[in-house]
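Written below as structure tokens is the structure these notes are about.
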Amino acid sequence: MEKKFYPKKIEEKWYKYWLENKTFSTKPNNNKPFTIVIPPPNVTGHLHMGHALNNILQDIIIRFRKLQGYNTLWVPGTDHGGIATQNIVEKLLKKEEGKTRYDLGREKFLQKVLKWRTKTSGAILDQLKKLGCSLDWDRVAFTMDESRSKAVKKAFIKLFNKGLIYRGKRLVNWCPRCVTALSDIEVEYEYEKSNLWYIKYPIINSKEYIVIATTRPETIFGDTALAVNPKDARYTSLVGKSVKIPLIDREIKIISDSIIDKSFGTGVVKVTPAHDITDNEIARRNKLEIIEIIDTNGKMINVPYIYQGLNVEEARKKVVEDLGVENLLLKIDNYTHSVGKCYRCSIKVEPLMSEQWFLNVRDMSKRAVEATNSEKIFFHPQSWKKPYILWLENLRDWCISRQIWWGHRIPVYYCVDEKGKQTNCKPIAAFDKPKECHYCKSKSFIQDEDVLDTWFSSALWPISVFNWGEDENNKELKHFYPTSVLVTGHEILYLWVARMVQFGIEFMKEIPYNNIFIHGIIRDRHGKKMSKSLGNVVDPLKIMDQYGTDALRFALAQAAAPGRDMQISNTSFLAARNFINKIWNASRFIILNLKEVGKLDNTIIQQPIELSDEWIMTEFINSAAKIKKDYESYNIDNAAREIYDFFWKKYCDWYIELSKIRMISTSLNIKKQVLSILVYILKSILQLMSPVIPFITSEIWQILNKNEKIIVESSLLTVPENFYNESSIEKMNTIKDIIMKIRTLRSEMNIPSTMQTEALFNTLGNNNNNKIEIIRENENYIKQLAKVKSIQFCKNITKPKNSAVIIIGDIEIFLPLEGFIDIVKEKIRLIKEITFINQEIEKITLKLSNENFIKKAPKTEIEKTKIRLNKAKLKVKKINENLNFLK
RNA sequence: AGGCAGUUAGCUCAGGUGGAAGAGCAUUUCUCUUACAAAGAAAAGGUCGCAGGUUCAAAUCCUGCACUGCCUACCA
């Protein structure tokens, strides 16, 4: 323990130790469980700052609860990441072999993905280890392993048999690039500059036109009506009439629907039910025909030959051009609107008609809302509760099928006849291919081609990790479920969190967690979201190498106010690293001194014998209570700040410095006494720090207690409440104030630090024995920290020659500074102080002369103000006296 | 369009229940003082977004506005 900089090597050493000793492996025991399931990162993923933050916060919570004696469990795992993973492997396939997944076929392609995933999935888990995460590595789960697959099938079959899962042709969000349907929340909306095209539709049997405004002229071929608001007087006479669709001359009717906004565009809307959600609803209400004109690859179909096969953009250009030629384009406005994009590939989503599987979530949502309203689930911060409930209440059925290959294949089987043709029998949901159809006795079946939305398996995560799929009455599930808290960013609140609640209630009759801790997003120092395209990504692995894992953890913890985004930059990591180093060095000081006194029974705290002892104990008791409360209420940032403040500003700056007086004592007993307190507080604060900075605290703890349990497995030391002494804080403040004022003076007078001065404490009047008593008792402190060699006490003397003065209440402190005092400087200093105090006096006098203040303010407040005024007045008087003396 | 946050020192942020503006980083000055120069001591730096209101008293409570960010939405 010689080095002045803390050794980073210990991080690897300690994690290895924890792994080898299975420190984080948990079995149900008699203690109260505290459980967290990890938000499983995608197998494709590599650790970014967001992961680091998310997992560090979980780790902090788990580690703290372990210290408190809970039966803690944090379950690790990874997600198969459906579309995202398939996309990556497809790209790789194209690059390496120039092939598409169709060239390989389903089976071979899946083998390829599996092979790839075994290669990569270890990486992210190793990175979690590097972060120090106290996950139970005996329980690594994967959303597509056997047990999780069983859970998915089981859940599907239950829902299917209950009639909640159904198949139907509906308008869905479709990604033409991923060639699959997406759920409503997998679409991200972005603003885009575009145009509003005003198109003339000729009215039948008339020379008139009716003009519509649209952002999608290419979809006119799919129009099956025009719609106006029934209350729109401009058009009432036209409702019921027919118009011709430009370029194809198909006739459609003008209808009315109250959803139409009179003030938008011309107040007339072209209705394209097959490719617009609103239009689809209008069509349903008005029983309109649905004509599909865009296929699953985003190409035009069922349109005149010249447009056939064009993609949407090309078709738009051509249609606009042709409308112009026909003189049916009235005008083009600039227009900015939001367009939906695929959350996986950012390609524009096309709403289109497609046969998909849906899950009816109405009842589940209702019960999820009830659970929140009845306060079974708490949000941290609370502000997320409202949007969460609102979302659940407006939820539409969930499109759960995807037209990709990587994922849980829908466990639905259709029976086929001898010719291999699908029959009309009811499809069957089952774990395995059925033996025989109940209806037609056919023995051959085909399985549904689609796979399930990744989030379907994620929604089962809190129960599937406890092997619900295999046995829903197993001991572990009963013990660890419901889990204690879910820690997540708000970006997957709906995608994942809400659905876990729905499924938890559905399958376990109980919510999956009691608390939802939502943290913010990490931004760069300009407040921008970190993204690859912006090139502002900070790699946590690099930060760990550069500053150490503890520093990374501390910096993130300190910034993680619930629900608030955080800006983080190198200076935060630097500051954190310096703090870690401070801990190391302070511990070195104590350990070096411990060696000198030999063995110290550090389980016994000796009685505080002087002010600083009482003070640090009292401060510690206060801080410890705050830190614990902050950990428990997910205010990790506050806990980190309190730790920093207590340890550095109180323990190091004052207590350790003051302990040196006794440390240089020749009496072993005196040394032992102060060391026992130093060690007790060090050990306790190390414990309280250890959830945030597990490595350095483990190392120091072990040096302090060679034969004891490691800090991770220790129990929090009891706080000696009987040493609490409120008055010590006030007393200590008096001493600190004096020391700081002397230091300031010395600094302003440029007194060399090597020079010790004398100090005269001059008491004014008679009624201040209390304070002077405190100073008398603790004059050592002033000598030690303010570089004062001797202190004299006197009463009502006038200022000695060549000395500077400090006035604190009714005590004057004279520092004789023969040879150092600069009379001019001292004068300027005193005058400056007087002007400052005079301003204060003015303010207070004004306040006290306010009749209403005297009448209405509480008496204590008036008293306080009066005392302040008197003190200020006295100070001015004394400074003036000193000033006169200088003349 | 609606909802929710935020706006305090140059930067990043603290400031339960209203009673004299706080920290870290950066800056300046001194100090390698026997745990720590990745440190210590000190200084400087603020009309608490703007405008009203409630109150004896507002950074804090209320109303409006502005800007920033996020979420939601059937913006044709």
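Naming convention: chains lettered A, B, ... in sequence-line order (proteins, then strands); numbering from 1 in each chain.
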Whole-Å C1' distance, A51(B) and A14(B): 27 Å
Who is the Watson-Crick or G-U wobble partner of U54(B), with both distances under 3.5 Å? none
Establish, yes or no, whether a centroid distance under 6.0 Å links the rings of Trp648(A) and Tyr644(A). yes
Identify which nucleotide among C13(B), G40(B), C71(B) has an atom closest to any side-chain atom of Gln567(A), counting heavy atoms from C-beta outward. C13(B)
Roughly how far apart, to the nearest Å, are A39(B) and G46(B) at atom P? 26 Å
Considering only the C1' atoms, how many Å lie between C32(B) and G22(B), rounded to the nearest integer? 31 Å
Nearest-Å distance, NZ (Lys626(A)) to C1' (G16(B))? 11 Å
Report yes if at least one side-chain N or O of Arg746(A) is closer than 4.0 Å to OP1 or OP2 of U33(B); otherwise report no. no
Sugar-phosphate only, base, or nothing, as touched by Ile259(A) at under 4.0 Å among non-hydrogen atoms: base
Sugar-phosphate, base or nothing in reach of Pro858(A), heavy atoms under 4.0 Å: base
Identified pairing partner of U68(B), criterion: Watson-Crick or G-U wobble below 3.5 Å: A5(B)
Regarding Asp630(A) and Lys626(A), does a basic nitrogen lie under 4.0 Å from an acidic carboxylate oxygen? no
Please confirm whether Tyr335(A) and Phe264(A) have ring centers closer than 6.0 angstrom. yes
Residue Ile260(A), side-chain atoms from C-beta onward, closest of A38(B), A14(B), A76(B): A76(B)
Side chain of Lys847(A) only, heavy atoms from C-beta on: which candidate in C75(B), G19(B), A38(B) is closest? G19(B)
Output a table of donor-acceptor pairs, distance under 3.5 Å, between side-chain atoms of residues 854-870 of chain A and any protein atom two or more places apart or on a different chain; print 'none' if there are none.
{"from": "Thr865(A)", "atom 1": "OG1", "to": "Glu861(A)", "atom 2": "O", "distance (Å)": "2.6"}

From C-beta outward on Trp648(A), which listed nucleotide comes closest to its side chain: A76(B), A39(B), A35(B)? A39(B)
Going by modelled atom types, is there a donor-acceptor pair between the base of A14(B) and the side chain of Gln558(A) at under 3.5 Å? no
Please give, in whole Å, the distance from C74(B) P to His337(A) NE2? 15 Å
Students often get this wrong, so: under 4.0 angstrom with heavy atoms, is Tyr189(A) touching a base, only sugar-phosphate, or nothing? nothing
In terms of side-chain heavy atoms of Thr744(A), which of A35(B), A43(B), A76(B) is nearest? A43(B)
What's the verdict on ring pair (Phe, Tyr, Trp, His ring centres under 6.0 Å) for Tyr494(A) and Trp391(A), showing C-alpha distance, side-chain angles and the deciding distance? CA-CA 8 Å; Tyr494(A) 307 130; Trp391(A) 183 79; 4.6 Å; yes
Give a yes or no on whether a donor-acceptor pair under 3.5 Å exists between the nucleobase atoms of A42(B), that is its base, and the side chain of Arg743(A). no
Specify the separation, in whole Å, of atom NZ of Lys582(A) and atom C1' of G40(B). 7 Å
Using the P atoms only, state how far U68(B) lies from G24(B), rounded to an integer number of Å. 32 Å
Ignoring hydrogens and angles, answer whether the base of C75(B) and the side-chain atoms of Tyr191(A) contain a donor-acceptor pair closer than 3.5 Å. yes
Rounded off to whole Å, could you give me the CG-to-P distance for the Leu392(A) and U72(B) pair? 13 Å
Send over the distance from Glu642(A) CD to G24(B) P, rounded to a whole Å. 14 Å
Given RNA chain B, 5'-ward residue of the pair Asp184(A) and Leu574(A), judged by closest heavy atom: Leu574(A)
Ranking G24(B), C75(B), C74(B) by distance to the side chain of Tyr644(A), first place goes to G24(B)
For the residue pair Tyr6(A) / Asp550(A), report whether a side-chain donor-acceptor contact shorter than 3.5 Å exists. no
Earlier contact from the 5' end, RNA chain B, for Trp391(A) and Ala213(A): Trp391(A)
Check whether the side chain of Ser383(A) and the base of C4(B) form a donor-acceptor pair under 3.5 Å. no
Report the distance from atom CG of Asn750(A) to atom C1' of A43(B), rounded to the nearest whole Å. 12 Å
Ignoring backbone atoms, establish whether Lys270(A) has a side-chain N or O less than 4.0 Å from OP1 or OP2 of A76(B). no
Arg641(A)/Asp645(A) salt bridge by N-O under 4.0 Å criterion: no
Assign Ser338(A) to base, sugar-phosphate, or nothing according to its heavy-atom contacts below 4.0 angstrom with the strands shown. base
What's the closest nucleotide to the Lys649(A) side chain, out of G24(B), G19(B), A38(B)? G24(B)
Base-pairing mate for C25(B) - Watson-Crick or G-U, with both contacts under 3.5 Å: G10(B)
By the Watson-Crick or G-U definition, both distances under 3.5 Å, A38(B) is matched with none
Hey, is Asp232(A) close enough to Lys262(A) for a salt bridge, meaning N to O under 4.0 Å? no
Whole-Å distance separating the CZ atom of Phe5(A) from the P atom of A35(B): 16 Å
Under a 3.5 Å cut-off for both distances, is G45(B) Watson-Crick or wobble paired, and to whom? none
Closer than 4.0 angstrom, basic N to acidic O: yes or no for Glu281(A) and Arg396(A)? yes
Apply side chain to side chain donor-acceptor pair (under 3.5 Å) to residues Asn173(A) and Asp184(A) and explain how you reach the verdict. CA-CA 7 Å; Asn173(A) 303 295; Asp184(A) 293 340; 3.0 Å; yes
Distance between the C1' atoms of G53(B) and A57(B), in whole angstroms? 15 Å
State which of U72(B), G19(B), U33(B) makes the closest approach to the side chain of Lys787(A). U33(B)
Base A14(B) to side chain Arg641(A), donor-acceptor N/O within 3.5 Å cut-off: no
Nearest listed nucleotide, side chain of Asn578(A), among A35(B), A42(B), A38(B): A38(B)
Can you check whether His490(A) has a side-chain N or O nearer than 4.0 Å to OP1 or OP2 of C71(B)? no
Would you say a side-chain N or O of Lys660(A) is under 4.0 Å from OP1 or OP2 of A35(B)? yes
Taking only the side-chain heavy atoms of Glu840(A) (C-beta and beyond), determine which of A20(B), C13(B), U31(B) contains the nearest atom. A20(B)
Counting any heavy atom closer than 4.0 Å, what does Glu281(A) reach on the DNA or RNA strands: base, sugar-phosphate only, or nothing? nothing
Base, sugar-phosphate or nothing for Asn638(A)? Non-hydrogen atoms, less than 4.0 Å. nothing
Distance, P atom - from U31(B) to G69(B), rounded to whole angstrom: 48 Å
Distance between C1' atoms of G49(B) and A66(B) (Å, rounded): 8 Å
Taking the P atom of each, how far is C61(B) from C48(B), in whole Å? 15 Å
If A20(B) has a Watson-Crick or G-U wobble mate with both distances under 3.5 Å, name it; if not, just say none. none
Which nucleotide, in any strand shown, forms a Watson-Crick or G-U wobble pair with C75(B), with both distances under 3.5 Å? none
Identified pairing partner of C32(B), criterion: Watson-Crick or G-U wobble below 3.5 Å: none
